[in-house]
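Read the structure below first, then the notes.
What you are looking at is a predicted structure, and each value in this text was computed from that prediction instead of being measured. Start at 1 and go down the list; that is how both ligands and their atoms are numbered.
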Amino acid sequence: MSNPREVQLVSRPVGWPTPENFALVESAPTELAQGQIRVRNEVMSVDPYMRGRMSDAKSYAEPYALGEAMHGGAVGEVVESRADGVAVGDHVLHGLGWREEAVLDATSARVVDTSVAPASAYLGVLGMTGLTAYAGLTRVAGLKEGDVVFVSGAAGAVGSAVGQIAKALGASRVIGSAGSQEKVDHLLDDLGFDAAFSYKDGRVSDLLREAAPDGLDVYFDNVGGDHLEAAIGSLRLGGRIAICGAISVYNNTEAAPGPRNLARLIQTRGTIQGFLVGDHYDLAGEYAHKAAGWIADGSLTSRETFVDGIDHAVDGFLGVLRGDNVGKMLVRL
Ligand SMILES: NC(=O)c1ccc[n+]([C@@H]2O[C@H](COP(=O)([O-])OP(=O)(O)OC[C@H]3O[C@@H](n4cnc5c(N)ncnc54)[C@H](OP(=O)(O)O)[C@@H]3O)[C@@H](O)[C@H]2O)c1
């Protein structure tokens with residue numbers, strides 16, 4: 001029988017990553033030390049932030065090492081345990097994705113209940129993705145009842161949670177942008193957005209003004225670039241912008257120009273604040289409680305897009321950068 005496989009980064013992408021930047025290799029057999037578990041990964045996450053870790057530029061997260069397996073969120077079944085409190089058959093959430101089998105200290109894993117939600121949900125709406133949406137809206141953007149909210153990347157994992165959570169928390173109008181008419185239809189027909197547009201259909205500032213003629217109180221930015229500039233231009237008095245991501249520039253080889261209209265923030269007394277979900281894990285319990293209620297009453301639904309097999313993990317990752325996904329992009333192993 002062959003050994004489990006893992007995906008290594010073998011060269012650092014310049015601009016868009018290509019399959020040549022990665023190698024699928026068999027991992028070396030590892031004995032468990034006391035306190036460790038062996039996990040057969042069932043599902044792993046591919047996320048836009050991983051693009052940043054493939055570069056060696058200084059960032060909040062360590063770059064992936066060349067010639068080693070990459071890592072990221074994953075859920076799998078424990079197949080061997082030398083740790084108290086974690087039994088064979090348990091499912092755990094942990095940080096050693098990009099491989100079929102993970103060996104890690106049990107203290108770095110969290111047992112999850114796959115009878116109440118599928119394993120994939122702990123990587124999406126019930127995990128980091130959902131918490132990002134909740135923390136960004138409530139703590140960073142200070143969402144208030146009656147606010148008009150705009151979110152970009154709205155049909156993606158974070159964005160689709162943002163739109164629905166904003167509604168559940170009393171936003172008066174939620175507007176989303178996405179990259180295709182099919183995604184726009186999904187926002188309007190399935191996720192309860194009040195207005196949506198495809199950013200490929202014209203100038204974002206024009207499309208946004210049409211969708212939010214009275215302006216915005218909150219912009220949740222997943223995209224950066226012209227979306228950010230458009231949102232600054234549509235901000236109302238006291239408007240707040242939470243910078244969550246800037247996927248439109250992640251593959252740029254030169255720095256993109258900043259918004260040209262920052263001076264509008266003087267008139268609107270607007271604020272822009274970036275955030276990292278990692279600083280807001282104290283909200284995880286509060287969010288899990290609320291999310292359970294919203295999921296139960298149907299106000300928070302989540303789509304997932306799967307690719308199958310570790311040999312397609314890189315395709316899944318490239319797909320999330322291209323926008324192949326609706327909702328959370330995941331790799332089933
Ligand atoms: N700050 C934090 O702690 C934190 C945590 C999690 C995620 N994030 C950020 O949140 C954002 C969303 O992450 P996610 O995991 O939910 O990914 P996602 O939205 O599910 O997937 C990324 C989406 O970005 C869109 N996109 C790609 N290129 C674009 C472009 N040039 N202009 C506009 N949209 C583009 C694509 O959809 P279209 O078809 O619509 O183009 C794609 O589906 C990312 O920027 C990510 O880095 C930040």
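Note on ligand 1: A154 sits outside its first shell, no heavy atom being nearer than 4.0 Å. Note on ligand 1: R322 sits outside its first shell, no heavy atom being nearer than 4.0 Å. The closest approach between any non-hydrogen atom of C244 and ligand 1 is below 4.0 Å.
Of the protein's non-hydrogen atoms, I247 CG2, 4.1 Å is the one closest to atom 25 (C) of ligand 1. Of the protein's heavy atoms, Y250 OH, 2.8 Å lies nearest to atom 47 (O) of ligand 1. Residue, atom and distance of the protein heavy atom nearest to atom 23 (C) of ligand 1 are V320 O, 3.9 Å. Among all protein heavy atoms, the one lying closest to atom 45 (O) of ligand 1 is N222 O, 2.9 Å. Closest protein heavy atom to atom 3 (O) of ligand 1: V277 N, 2.7 Å.
Ion pairing of E101 with R38 is present here, as a side-chain N (NZ or NE/NH1/NH2) and a carboxylate O approach within less than 4.0 Å. Salt bridge absent: E62 and R53 never bring a charged side-chain N and a carboxylate O closer than 4.0 Å.
Within the 4.5 Å cutoff, no side-chain heavy atoms of H91 are placed close to those of V39. You'll find the side chain of T268 stays beyond 4.5 Å of the side chain of R236, heavy atoms only. The side-chain heavy atoms of K328 and V125, taken from C-beta on, include no pair separated by under 4.5 Å. V218 places none of its side-chain heavy atoms less than 4.5 Å from the side chain of V148.
Of the heavy atoms in T132, only side-chain atoms (C-beta onward) come closer than 4.0 Å to ligand 1. Contact annotation: for V223 versus ligand 1, heavy atoms closer than 4.0 Å belong to the side chain alone. At a heavy-atom distance under 4.0 Å, no atom of S152 approaches ligand 1. In L321, the part holding a heavy atom less than 4.0 Å from any atom of ligand 1 is the backbone. Contacts of K183 with ligand 1, taken as heavy-atom pairs under 4.0 Å, involve the side chain alone.
Aromatic ring centres of Y64 and H71: separated by under 6.0 Å.
Side chain of N3 to backbone of P29: no donor-acceptor contact under 3.5 angstrom is found. The backbone N or O of A28 lies less than 3.5 Å from a partner atom in the side chain of T30, making a donor-acceptor pair.
For ligand 1, none of its N or O atoms has an N or O atom of G156 under 3.5 Å away. The N/O atoms of K328, backbone and side chain alike, include none that comes under 3.5 Å of an N/O atom in ligand 1. Between G179 and ligand 1, a contact under 3.5 Å exists for at least one N or O pair. Any N or O atom pair closer than 3.5 Å counts here, and V158 shares at least one such pair with ligand 1.
To the nearest 0.5 Å, atoms CG (L208) and OH (Y199) are separated by 15.0 Å.
Which of G245, P48, S45 comes nearest to atom 17 (O) of ligand 1 through a heavy atom is settled by distance: it is P48.
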